[in-house]
Amino acid sequence: MPEELQGRTIAILAADGVEKVELEKPRAALTGAGARVEVVSVQAGEIQARNHDLEPAGTFAVDRVVSDVSVDEFDGLVLPGGTVNPDKLRLDDRAVSFVRDFVESGKPVAAICHGPWTLVEAGIVAGRRLTSYPSIRTDLRNAGADVVDEEVVVDGNLITSRSPKDLPAFCAAILRQFARTPAG
């Protein structure tokens, strides 16, 4: 298990307002399995993290800016939540294009909690089976998704989960799905 993702590079796309645990736990699981993980954002420097959307929770260093990356450089993508984070990403055309291109590439894309909001903006949820935090399920349905209330849902290359309480199952699912994709 520790070397399962050796040779793979995973992007975590996040902005200010990211839910701290939703970035930290998947990153730790991925690096623990041997992947190289890069935090990609809409601007260089650091992004502000939150606990429960409201409490400041420190910062994360940004490794790369979304305008300077290509889907070809990564083997998987993680979209953490927090309500502010995906709202900021949805307003950035480069971030939305990166997500759309990633999904269309067939490479695995994992989104938790409010993270699927960016999938809606990218226009790629129609006909897909997904889950999310309850407050954005109407948005997913309105965009044509088949929304279910399950801990983790895998539909092709999309992996979605409801909330931080589902992080153990979410992390296990992303490790399985990312391991199935050849490093490249």
Does a sphere of radius 6.0 Å around NZ in K107 hold more than 12 heavy atoms from other residues, nucleotides or ligands, not counting ones at 6.0 Å or beyond? yes
Find the distance between [atom1] ([X]) and [atom2] ([Y]) and round it off to the nearest 0.5 Å.
{"X": "S97", "Y": "E121", "atom1": "OG", "atom2": "CD", "answer": "10.5 Å"}
{"X": "L130", "Y": "R141", "atom1": "CG", "atom2": "CZ", "answer": "11.0 Å"}
{"X": "L89", "Y": "H114", "atom1": "CG", "atom2": "NE2", "answer": "13.5 Å"}
{"X": "C113", "Y": "I136", "atom1": "SG", "atom2": "CD1", "answer": "7.5 Å"}
{"X": "I10", "Y": "R27", "atom1": "CD1", "atom2": "CZ", "answer": "13.5 Å"}
{"X": "F170", "Y": "T131", "atom1": "CZ", "atom2": "OG1", "answer": "11.5 Å"}

Indicate, with yes or no, if [Y] and [X] share a hydrophobic cluster defined by side-chain heavy-atom contacts under 4.5 Å among Ile, Leu, Val, Met, Phe, Trp and Tyr.
{"X": "V96", "Y": "V62", "answer": "no"}
{"X": "V99", "Y": "V71", "answer": "yes"}
{"X": "F178", "Y": "L23", "answer": "yes"}
{"X": "L79", "Y": "V18", "answer": "no"}
{"X": "V37", "Y": "I159", "answer": "yes"}

Contact summary for [X] and [Y], nearest pair of heavy atoms:
{"X": "K88", "Y": "A15", "answer": "CB-CB, 4.0 Å"}
{"X": "A143", "Y": "V125", "answer": "CB-CG2, 3.4 Å"}
{"X": "S132", "Y": "P116", "answer": "CB-CG, 4.0 Å"}
{"X": "A179", "Y": "E4", "answer": "CB-OE2, 3.4 Å"}
{"X": "A61", "Y": "V39", "answer": "O-CB, 3.6 Å"}
{"X": "L175", "Y": "A29", "answer": "CD2-O, 3.6 Å"}

Is the shortest side-chain heavy-atom distance between [X] and [Y] below 4.5 Å?
{"X": "L140", "Y": "V120", "result": "yes"}
{"X": "V103", "Y": "L158", "result": "yes"}
{"X": "I47", "Y": "T59", "result": "no"}
{"X": "T83", "Y": "Y133", "result": "no"}
{"X": "P80", "Y": "E19", "result": "no"}
{"X": "N51", "Y": "V21", "result": "no"}
{"X": "S41", "Y": "V66", "result": "no"}

Using a strict cut-off of less than 4.0 Å between a Lys/Arg side-chain nitrogen and an Asp/Glu carboxylate oxygen, indicate whether [X] and [Y] qualify as a salt bridge.
{"X": "D68", "Y": "R64", "result": "no"}
{"X": "D149", "Y": "R137", "result": "yes"}
{"X": "E150", "Y": "R129", "result": "yes"}

Checking side-chain polar atoms at under 3.5 Å, does [X] have a donor or acceptor matched by the opposite partner on [Y]?
{"X": "R128", "Y": "N157", "value": "yes"}
{"X": "T9", "Y": "R36", "value": "yes"}
{"X": "D87", "Y": "W117", "value": "no"}

[X] (side chain) donor-acceptor with [Y] (main chain) under 3.5 angstrom:
{"X": "Q177", "Y": "I174", "value": "no"}
{"X": "S161", "Y": "E151", "value": "yes"}
{"X": "D92", "Y": "V42", "value": "no"}
{"X": "D16", "Y": "Q48", "value": "yes"}
{"X": "R90", "Y": "L119", "value": "no"}
{"X": "R100", "Y": "A122", "value": "yes"}
{"X": "S105", "Y": "F102", "value": "yes"}

Start with the C-alpha distance between I12 and F60, add both sets of side-chain angles, then the distance that settles side-chain contact (heavy atoms from CB on, under 4.5 Å), and finish with yes or no. CA-CA 11 Å; I12 297 180; F60 290 104; over 6 Å; no
